[in-house]
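A short worksheet on the structure shown next.
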2 protein chains.
Amino acid sequence: MIKKEAKDIKYTNQRIEILDFLRKFDGHPTVEDVYEGVRKKLTRISKATVYKNLRFLAEKGLIKEVNIKGVSRFEANLVPHHHIICIGCGSITDYESEDLTDYSLKVAGDIENFEVESTDTNFYGICKDCKEE
Amino acid sequence: MIKKEAKDIKYTNQRIEILDFLRKFDGHPTVEDVYEGVRKKLTRISKATVYKNLRFLAEKGLIKEVNIKGVSRFEANLVPHHHIICIGCGSITDYESEDLTDYSLKVAGDIENFEVESTDTNFYGICKDCKEE
DNA sequence: GTACTAAGTAATAATTATTATTATTTAACT
DNA sequence: AGTTAAATAATAATAATTATTACTTAGTAC
Ligand SMILES: [Mn+2]
Ligand SMILES: [Mn+2]
Ligand SMILES: [Zn+2]
Ligand SMILES: [Zn+2]
């Protein structure tokens with residue numbers, strides 16, 4: 001159970017459950033996924049509340065929003081990482097590579113008139129399951 | 001004017017104009033942008049046709065779809081490149097770095113059970129204009 | 001603990017984005 | 001020129017997201 005980690009946030013039951021759900025969920029759930037998941041505990045929660053809070057929590061930096069193939073997804077994994085995306089089935093897998101992050105940030109240093117804060121790389125291709133077809 | 005580059009495609013006026021528009025447009029237009037742009041030449045084109053053709057052309061590999069901050073955008077720039085995204089104003093700028101692409105593909109070689117076909121990196125941060133505020 | 005208040009929520013309406021349907025038109029082939 | 005599979009326009013239908021508003025609550029002050 002989450003408890004007042006950040007002080008400028010009002011910790012409502014809805015917020016706590018959403019954050020809790022994301023931290024336990026292994027993957028990149030959509031708004032709908034989060035809504036369905038949280039509903040098991042808070043049966044009367046409104047979908048608009050889920051939308052608002054996901055955007056709010058991302059704004060506050062407690063979660064990240066990642067948009068893949070036109071679909072908004074969320075995750076509580078704040079460690080810089082990359083994504084492996086199957087163009088066949090749409091599966092999304094985290095991929096940590098500090099080397100790549102470092103290299104990207106080094107490249108970012110060359111960019112003029114822009115201050116890079118973070119980077120991530122997407123790897124597009126075919127997963128094993130999709131290949132066996 | 002575009003003329004039958006790929007043979008398995010029926011070159012309709014609508015398709016030609018959409019492709020032409022994207023090739024002349026310097027940036028990453030949304031569906032709405034493309035619709036408005038193309039409408040200047042084909043005043044009676046339907047928005048559904050724009051949707052269908054953008055997805056179709058992306059499928060055929062003549063254009064690329066890039067999703068940034070939950071918004072679908074399209075571009076005719078097929079050279080592998082990266083994107084610099086301002087979290088302030090949302091501006092999107094292309095950034096070519098063959099080195100980074102090569103490095104990413106080298107990293108991709110280590111990924112198990114997945115065949116990477118392409119990669120791209122997003123740089124998030126603050127642009128010069130947004131910083132001056 | 002009780003009162004106060006700004007912020008959050010539920011329910012719903014409204015808006016925006018995207019896809020499906022279908023009668024008509026057309027590009028490409030013969 | 002005639003044929004036909006594919007594409008289009010117009011529209012309806014669906015899905016995704018945001019706005020509105022009356023009610024509720026977390027956090028703070030006493
Ligand atoms: Mn992730
Ligand atoms: Mn680009
Ligand atoms: Zn797959
Ligand atoms: Zn900016």
Side-chain angles (χ1 to χ4, degrees), chain A residues 1-22 28-74 90 92, chain B residues 1-22 28-60 62-74 90:
Chain A
M1 172 61 74
I2 284 94
K3 277 211 186 300
K4 308 186 184 177
E5 302 160 25
K7 28 199 152 296
D8 59 337
I9 292 172
K10 200 164 166 178
Y11 277 78
T12 62
N13 287 337
Q14 293 82 344
R15 230 158 245 181
I16 290 167
E17 283 304 331
I18 289 167
L19 197 45
D20 199 41
F21 174 82
L22 280 172
H28 303 81
T30 62
V31 173
E32 190 64 30
D33 294 334
V34 175
Y35 176 59
E36 290 305 332
V38 168
R39 228 141 74 96
K40 287 173 187 158
K41 291 229 176 164
L42 299 175
T43 54
R44 303 193 61 72
I45 195 169
S46 159
K47 195 179 277 191
T49 299
V50 175
Y51 269 99
K52 284 194 76 176
N53 277 319
L54 286 171
R55 297 268 144 77
F56 173 87
L57 293 168
E59 179 80 17
K60 290 292 180 181
L62 293 175
I63 64 174
K64 278 196 297 188
E65 177 168 1
V66 352
N67 205 280
I68 292 163
K69 278 190 157 192
V71 182
S72 268
R73 296 172 176 277
F74 299 84
I92 303 157
Chain B
M1 173 59 77
I2 284 95
K3 275 208 187 306
K4 309 186 185 178
E5 302 160 24
K7 30 200 152 293
D8 60 336
I9 291 171
K10 199 164 167 179
Y11 276 79
T12 61
N13 287 335
Q14 291 83 345
R15 231 159 243 182
I16 290 167
E17 283 304 330
I18 288 168
L19 198 44
D20 199 41
F21 174 82
L22 279 172
H28 302 81
T30 61
V31 173
E32 191 64 31
D33 295 334
V34 175
Y35 176 59
E36 290 305 333
V38 169
R39 229 140 73 96
K40 287 173 187 156
K41 293 228 174 163
L42 298 175
T43 54
R44 304 194 62 72
I45 194 170
S46 158
K47 194 180 277 191
T49 299
V50 175
Y51 269 99
K52 284 196 76 176
N53 277 319
L54 286 171
R55 297 269 144 76
F56 173 87
L57 293 168
E59 179 80 17
K60 292 290 180 184
L62 293 174
I63 64 174
K64 278 196 297 189
E65 177 168 0
V66 353
N67 204 280
I68 292 162
K69 279 188 159 194
V71 182
S72 267
R73 296 172 175 277
F74 299 84

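All chains are named by letter (A, B, ...) in the order of the sequence lines, taking the proteins before the strands, and each is independently numbered beginning at 1.
- Across D:dT17, D:dA26, D:dA6, the shortest atom-to-atom separation from the side chain of A:V31 is found for D:dT17.
- Rounded to an integer number of Å, the gap from A:K52 NZ to D:dT17 C1' is 13 Å.
- Taking atom CZ on A:R15 and atom P on C:dA7, their separation rounds to 11 Å, with Å as the unit.
- Atom P of nucleotide D:dT8 and atom CG of B:L54 are separated by 11 Å, given to the nearest angstrom.
- Summarising the geometry, the separation between OH on A:Y11 and C1' on D:dT24 is reported as 21 Å, rounded to the nearest angstrom.
- Regarding contacts with the backbone of C:dT19, a side-chain N or O of B:R55 is found under 4.0 angstrom from either OP1 or OP2.
- Taking CG of B:N53 as the reference point, atom CD1 of B:I63 lies at 9.0 Å (rounded to 0.5 Å).
- For B:S72 and B:N13, each mapped to the nucleotide of DNA chain C holding its nearest heavy atom, the one lying further toward the 5' end belongs to B:S72.
- In terms of phosphate contacts, A:T12 brings no side-chain nitrogen or oxygen within less than 4.0 Å of OP1 or OP2 of C:dA7.
- Distance from the side chain of A:A48 is smallest to C:dA11 among C:dA11, D:dT11, D:dT8.
- You'll find the side chain of B:F56 reaches within 4.5 Å of the side chain of B:I9, heavy atoms only.
- Annotation: the span from B:N13 atom CG to B:R15 atom CZ amounts to 11.5 Å, rounded to 0.5 Å.
- Under 4.0 angstrom from either OP1 or OP2 of C:dT12 there lies no side-chain N or O belonging to A:S46.
- Rounded to whole Å, atom C1' of C:dT18 lies 11 Å from atom CZ of B:F74.
- Between B:K69 and A:E65 there is no salt bridge, since none of the side-chain N atoms of the basic residue sits less than 4.0 Å from a carboxylate O of the acidic one.
- The CD atom of B:E17 sits 12.5 Å away from atom NZ of B:K40, with the distance rounded to the nearest 0.5 Å.
- Distance CD/A:E36 to CZ/A:F21: 9.5 Å, rounded to 0.5 Å.
- OP1 or OP2 of C:dA10 has at least one side-chain nitrogen or oxygen of A:T49 nearer than 4.0 Å.
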Checking side chain to side chain contact (heavy atoms under 4.5 Å, CB included) for the pair A:L22/A:L62: CA distance, chi angles, key distance, verdict? CA-CA 10 Å; A:L22 280 172; A:L62 293 175; over 6 Å; no
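- Distance B:E32 CD to C:dA17 P: 7 Å, rounded to the nearest Å.
- Atom-to-atom, NZ of B:K60 to C1' of D:dA6 comes out at 12 Å; the value is rounded to the nearest Å.
- In this structure, A:Y51 places its OH atom 13 Å from P of C:dA17, rounding to the nearest Å.
- Within the 4.0 Å cut-off from OP1 or OP2 of D:dT25, not a single side-chain nitrogen or oxygen of A:Q14 is found.
- A heavy-atom distance below 4.0 Å to DNA chain D is reached by none of the residues of residues 33-45 of chain A.
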